[in-house]
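In what follows, residues are counted from 1 in the order of the sequence shown.
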Amino acid sequence: TYVIGQTIEDIVRFIEAQFKGVEISPVIALLTKITMYIFPNLKPFDLKHLTIHNLFPPFTDLVILSLYGLLYISIMLILAIKFFEKRDIV
């Protein structure tokens, strides 16, 4: 999940760029779009570039990242509850 979350944005940008001589299968483009919606985009959470220069991220960015993270966690927990409530685990 970490590798996909870190690279999915770059892959989508590459597919959408449509370079000359590079043909992307429509199936691959569709699978990439689906993957983009299933896995979280972790690239915005990578704040190393700011930390290296001793900068603090803007407060609005931190709020948006926090809300995005909480929303994704909430959706995954709801899906997990729905999936496991049909199982007899005991």
What about L67 and F59, same hydrophobic cluster or not, with Ile/Leu/Val/Met/Phe/Trp/Tyr joined at side-chain heavy-atom distances under 4.5 Å?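 Yes; F59 is reachable from L67 via cluster members.
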What residue among I78, L77, I73, L79 forms side chain to side chain contact (heavy atoms under 4.5 Å, CB included) with I75?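 It is L79; the other options fail the test.
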D10/R13 ion pair, N-O < 4.0 Å: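 Counted as a salt bridge, because a side-chain N and a carboxylate O are separated by less than 4.0 Å.
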Report the C-alpha distance between F45 and L65 in whole Å, list the side-chain angles of each, state the deciding distance to 0.1 Å, and finish with yes or no for side chain to side chain contact (heavy atoms under 4.5 Å, CB included). CA-CA 7 Å; F45 290 95; L65 285 175; 3.9 Å; yes
Roughly how far apart are L71 CG and M76 CE, rounded to 0.5 Å? 9.5 Å
Measure the CD-CD1 distance between E9 and I11 for me, rounded to the nearest 0.5 Å.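 Between E9 CD and I11 CD1, I get 11.0 Å after rounding to 0.5 Å.
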Yes or no on side chain to side chain contact (heavy atoms under 4.5 Å, CB included) for L62 and L47, after CA distance, side-chain angles and deciding distance? CA-CA 10 Å; L62 292 177; L47 302 174; 4.2 Å; yes
Could you pull out the closest heavy-atom pair between [X] and [Y], with the gap in Å?
X: I24; Y: F14; value: CD1-CE2, 4.0 Å
X: N41; Y: Y68; value: N-OH, 2.9 Å
X: Y72; Y: I38; value: OH-O, 3.0 Å
X: A29; Y: I15; value: CB-CG2, 4.0 Å

Show every side-chain hydrogen bond (donor to acceptor under 3.5 Å, both in side chains) that has at least one partner inside residues 19-39, sequence neighbours left out. E16-K33
